[in-house]
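The structure under discussion appears below in the form of structure tokens.
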Amino acid sequence: LGPPIYTSQRLYDTTPPGVVMGLGWTPMGGVSMYVETIVKNILSSNSTPSLERTGQLGDVMKESSEISYSFSKSFLSKHFPNNKFFEHARLHMHCPEGSISKDGPSAGITMATSLLSLALDTPVPATTAMTGELTLTGKILRIGGLREKTVAAKLSGMKEILFPKSNLADWEQLPDYVKEGLTGVPVAWYDDVFKRVFSNIDAEKCNNLW
Amino acid sequence: LGPPIYTSQRLYDTTPPGVVMGLGWTPMGGVSMYVETIVKNILSSNSTPSLERTGQLGDVMKESSEISYSFSKSFLSKHFPNNKFFEHARLHMHCPEGSISKDGPSAGITMATSLLSLALDTPVPATTAMTGELTLTGKILRIGGLREKTVAAKLSGMKEILFPKSNLADWEQLPDYVKEGLTGVPVAWYDDVFKRVFSNIDAEKCNNLW
Amino acid sequence: LGPPIYTSQRLYDTTPPGVVMGLGWTPMGGVSMYVETIVKNILSSNSTPSLERTGQLGDVMKESSEISYSFSKSFLSKHFPNNKFFEHARLHMHCPEGSISKDGPSAGITMATSLLSLALDTPVPATTAMTGELTLTGKILRIGGLREKTVAAKLSGMKEILFPKSNLADWEQLPDYVKEGLTGVPVAWYDDVFKRVFSNIDAEKCNNLW
């Protein structure tokens, strides 16, 4: 109980697997916004998979989480066919802070990365933020508010920001003082995201993890 | 039936497992507010787990209870892997008083502590109150109204109040006469809460309880 | 059809198991108000338990019935562990009169007593009325309108009224002519209610009833 306060800060110095920083846009400016996913129960061979979501998510963002979930399952089964994580994991995805309503499709790649990070038991770099709408086939679509989101990423201490390649012209028009200290990474397909944030994984180990 | 009356007092001299004092904020000041959870049925190996909630909880507080439930399951399975409480327990969580509407995310750590207290069959100190939003990974987020909540904790006879470390500056600005007789404990992660309120548990026994 | 008429009288000369008189408060004064619960189907080992409610109950009163149901299950499993009533009984709880809207938490102990009366197949004294909010752990909380409720109890021919111990000061301030002929019994925990209304039960028999 109490008046809502948006801390809008970097909550994690190191991020555990399942935690990824996204970026939101509000009428008052950009905000950094984590997606965090955990496994609710110990994985067992007869547990039925599920995805619970909290964080006052609007309809579009709920659908976005479903798209990310389907995409992640499909991606994992293609690239790590022996990894059975999604066949058994009972997942809970939360977007702090719990009292702030959130909506829109631009956390798509962030949600997919949160899920895959958990499935591969591999954290993503704590200083990487990302924004982009995801389609079921892994195509990344243009988002709004790149300037505000870039400012928010910097205020939260990020070093790298992944954004849709179709927003490249917006990026190039940002003044240098806004981009200073930030590496911008345009991504057209989810493969581009994956290669960037999971560059050091042991594919053999990840394939036989669960 | 009758006009609602908020007693706002300390209801319990000793608290059974599952009962923890939280703190709320209202336009008229702070209030102490218990979270109490019980097991509805005797645990049996084939009972399916569930969590029922009452107490006129708003949407944010309902989500907060889900986050606390997922976190508690995950916490128990990591630290007490043989304790199968949450795999079978049919739980009911209630926030008296039943006619007062309540909302907001700041009872997160109180709810998680209520659930873990029950899972570990261990009461928490009856003179400890707590407030803090909980994320799925156990991070504790800033809350509002610390001053009013501190006053309410004192009026209810508390000796100790746990609050988010990110509210430390607010705590330090409180005048001494408000804090007198109260130990303030800043907590950044749920681990900090756990060590403080369950300091004397027998880990071996708790691991093999259910 | 026509304006609703509240009979406000004693409906039962002897009460069957499952029927208990509660007391309500309205702007026009107190009213006596039965809670009656029946078993819908013959108990069988594979019937799944349920609780249906009718009587134009508001949100708070519905939650109150859920609290009473959870508490009753928990109470029975602690004190009569072999009594499997709540594991199979399909129950229906009704608060006559069906066209009068009712709300508030103060029928908590009345509802729990109705359910336990049925589970123990034991009627409660027909001249005992009761009022009190119940928490999940069996604590009984303060209610409003004790004066009006006491008058209603007398008008309905009651000899005894159970009320929350935290209302004791209100009781003591009532003029003698209001209390005349009524025994007031302050109750702090549900145990106090149980000992008063089920004083003559055969514990061994009740434990092996179903």
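Chain naming here is simple, since letters A, B, ... match the order of the sequence lines and numbering starts at 1 in each.
- Shown here for B:L141 and A:P96, the closest heavy-atom pair between the two residues is CD1-CB, 3.8 Å.
- Neither the backbone nor the side chain of B:Y69 has a heavy atom closer than 4.5 Å to any heavy atom of chain A.
- Side-chain atoms of B:S77 and A:N41, non-hydrogen and from C-beta on, never get closer than 4.5 Å to each other.
- We find the NZ-OG distance between A:K40 and B:S74 to be 11.0 Å, quoted to the nearest 0.5 Å.
- Of residues 82-95 of chain A, those residues lying under 4.5 Å from chain B by any heavy-atom pair are A:H92, A:M93, A:H94.
- To the nearest 0.5 angstrom, B:D59 atom CG is 12.0 Å from A:T54 atom OG1.
- The choice from B:K78, B:E66, B:K62 that makes the most heavy-atom pairs within less than 4.5 Å of chain A is B:E66.
- Judged purely by atom type and a 3.5 angstrom limit, B:E133 uses its side chain to pair as donor or acceptor with the backbone of A:G98.
- The side-chain hydrogen bond (donor to acceptor under 3.5 Å, both in side chains) pairs that include a residue from residues 113-125 of chain A are A:T37-A:S114, A:T113-A:Y190, where partners are two or more places apart or lie in different chains.
- The shortest heavy-atom contact between B:E63 and A:G55 is OE1-N, 2.6 Å.
- Taking 4.5 Å as the heavy-atom cut-off, none of the residues of residues 203-210 of chain B approach chain A.
- Within a 6.0 Å radius of NZ in A:K139, more than 12 heavy atoms belonging to other residues, nucleotides or ligands are found.
- The shortest distance between side-chain heavy atoms of A:Y12 and B:T135 falls below 4.5 Å.
- A 6.0 Å sphere centred on NZ of B:K179 holds more than 12 heavy atoms belonging to other residues, nucleotides or ligands.
- With sequence neighbours excluded, the residues satisfying ring-ring contact (aromatic ring centres under 6.0 Å, His included) with B:W171 are B:F163.
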